[in-house]
Amino acid sequence: MYTLINREISMSTSSIKLDYGNLLNILSEEEIFSIQPAINECHNKLYNRTGSGSDYLGWVTLPKKIREDEISEIQSAANFIRNEAEALIVIGIGGSYLGAKAVIEALSHSFYNSFSENLQVFFAGHHLDSRYHTHLFQFLENKKFAIIVISKSGTTTEPAIAFRFLKNLLEKKIGKEKSKNYIFTVTDKDKGALKKLSILEGYKSFVIPDDVGGRYSVFTPVGLLPIAAAGIDITEFINGAIFSQNRYEMPELENNSAYFYAACRNLLYRKNKKIEILINYSPALQYVSEWWRQLFGESEGKDHKGIFPASCSFTTDLHSMGQWIQNGERTIFETILEIEKLSEILTIEEDNGNLDNLNFLVDKDLGYINGQAMRATAMAHLEGGVPNMKIKIPELNAFHIGGLLYFFEKACGLSGYLLGVNPFNQPGVEDYKRNMFALLKKPGFEKEREELLSKMPKPDEEKIV
């Protein structure tokens, strides 16, 4: 039986806190603090830009560099969308949509798209499914809608196809000239197909900084424009990131919870804990988990290295994945997201019949019950051999979500350097694209197509059961 030890790394009651007490059965504090020299070295790589991928380190100091006029320009476009459109379609894939999706889902009403008075926000171009996009286009037939298309190059297959369809639909509805006012692009400052089209057609365009990669781009117009259009206070969101930026500028583990988190997961990886499951106890955080999975998966999964990032939503997934987590292969650890202060309270009332046998919970609120489920599950998993740590979010608001996302960005950059990989490229992603372009007969990929077809089994050689 293990004893729960409450140990937290934090410098402020209003900051993100890390409770690592449930790791101490597998990691000693001496062991954690022993890698401080390695932390210092990786920290210097981030700030001196001496590590691999140094051309993409603009995100490290980005929050404090966002100018007031940039915020005003973004807010002005967002206000136009909110005032003039019934629906907004955000086109992008990977880091070009996940950050905005995560923040909007976390901070909006759970059923925000169901209220007629709200701007409805939908996403497209993040897959190639014809059913989804057909249904979206059908839905938009009777809607006044705006488009935000996000792509550095403008030629990424999934968003480019979606934009072609949606641009044509919008132009048929309201005319080519008027549609220009309802299309906003987020792209390279001076090159690429989407930038060229923006100039040609007169679209309002926002810049993706050259030194910020897609999965680290949530504090650029990539994230800020859709988030603002959804009615979320981007100034508070940025302030939360600035708060975290200030908190994590020094490398000492005892004062830096982001680095402490990176250190712990790196040491667990060395002990054969190859899978990290990010656990949330609120559906509002589901897409924060999706964003986190891309951030760490695409940053660390290189050179046959890297922790596999998975996620679960509890208590829902306790009824599907709980058995495996409790008794399956012991190659996993958990990181739990806890919201400390809840804004909604639901209290259990007494029922005279008590047929559901719930009267023992009378006068207890649902948040308290959820919290006890979280504590009970963490202890059960710990006793089952699954170490876990907890990231405490003071409250679910724009400030703290901004702080949380920067926390993860900082931890991820450092963690990649600790692992010995370049956290800012994604060479493996290009492999599937090359094969796809070859099979689709894209000009310039004739040689690749010939080589690929020579390796693929012929129809009469396929092994089908």
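The analysis underlying the following values was restricted to heavy atoms, covering all of them including side chains, and did not include hydrogens, waters or symmetry mates. For the single chain, residues carry numbers from 1 onward in sequence order.
Note: Tyr417 OH to Lys45 NZ = 7.0 Å, rounded to the nearest 0.5 Å. Between the CG atom in Asn388 and the CG atom in Leu23 there is a gap of 7.0 Å [rounded to 0.5 Å]. Taken from OG in Ser415 to CD1 in Ile307, the straight-line distance is 6.0 Å, to the nearest 0.5 Å. Note: Glu158 CD to Ser96 OG = 11.0 Å, rounded to the nearest 0.5 Å. Atom CD1 of residue Ile277 and atom CD1 of residue Ile336 lie 10.5 Å apart, to the nearest 0.5 angstrom. To the nearest 0.5 Å, the span separating OH on Tyr287 from CD1 on Ile104 amounts to 12.0 Å.
The existence of a salt bridge linking Arg67 and Asp69 is confirmed by a sub-4.0 Å separation between a basic side-chain nitrogen and an acidic carboxylate oxygen. Of the charged side-chain nitrogens involved, at least one lies within less than 4.0 Å of a carboxylate oxygen, so that Lys64 and Glu249 count as a salt-bridged pair. Salt bridge Glu298/Arg293: absent, no basic N to carboxylate O contact under 4.0 Å.
The salt bridge (Lys or Arg N to Asp or Glu O under 4.0 Å) search around Lys191 returns Asp188, not counting sequence neighbours. Scored by the salt bridge (Lys or Arg N to Asp or Glu O under 4.0 Å) test, Arg49 finds Asp211 as partners (sequence neighbours excluded). Partners of Glu276 under the salt bridge (Lys or Arg N to Asp or Glu O under 4.0 Å) rule, at least two apart in sequence or in another chain, are Arg265. Tyr112 meets the ring pair (Phe, Tyr, Trp, His ring centres under 6.0 Å) test with no other residue; sequence neighbours excluded.
Side-chain contact between Met379 and Met374 is absent, with no heavy-atom pair separated by less than 4.5 Å. Put simply, the side chain of Leu225 reaches to within 4.5 Å of the side chain of Val186, judged on heavy atoms. Using a 4.5 Å cut-off on side-chain heavy atoms (C-beta onward), Glu300 and Pro423 make no contact. The side-chain heavy atoms of Phe407 and Ile391, taken from C-beta on, include a pair separated by under 4.5 Å. When side chains are defined from C-beta on, Glu334 does not count as touching Met389, because their heavy atoms never get closer than 4.5 Å.
For His319 and Phe314, the gap between ring centers reaches or exceeds 6.0 Å. You'll find the ring centres of Trp292 and Phe296 inside the 6.0 Å limit. A centroid separation of 6.0 Å or more is found between the aromatic rings of Tyr406 and Phe243. Phe260 and Phe33 have their aromatic ring centers within a separation under 6.0 angstrom. Checked against a 6.0 Å centroid threshold, the rings of His43 and Tyr47 count as neighbours.
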* Evaluate the criterion side-chain contact (heavy atoms from CB on, under 4.5 Å) for residue pair Phe123 and Ile89; output intermediate values, then yes/no. => CA-CA 5 Å; Phe123 293 82; Ile89 316 303; over 6 Å; no

* Pair Thr185-Thr187, side-chain hydrogen bond (donor to acceptor under 3.5 Å, both in side chains): steps then yes or no -> CA-CA 6 Å; Thr185 66; Thr187 189; over 6 Å; no

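Because its NZ or CZ atom is not both nearer than 6.0 Å to the ring centre of Phe308 and within 45° of the ring axis, Lys274 does not count as a cation-pi partner of that residue. Tyr248 does not carry Lys410 over the face of its six-membered ring by the limits of under 6.0 Å from the centre and within 45° of the normal.
For the ring pair (Phe, Tyr, Trp, His ring centres under 6.0 Å) condition, the pairs that include at least one residue of residues 215-234, sequence neighbours left out, are Trp59-Tyr216, Tyr216-Phe424, Phe219-Phe237. The ring pair (Phe, Tyr, Trp, His ring centres under 6.0 Å) pairs that include a residue from residues 338-390 number zero, where partners must be two or more places apart or lie in different chains.
No hydrogens or angles considered: nothing links the side chains of Asn256 and Glu252 as a donor-acceptor pair under 3.5 Å.
Among Asn370, Ile348, Thr347, the one residue that satisfies the side chain to side chain contact (heavy atoms under 4.5 Å, CB included) test with Asp365 is Thr347.
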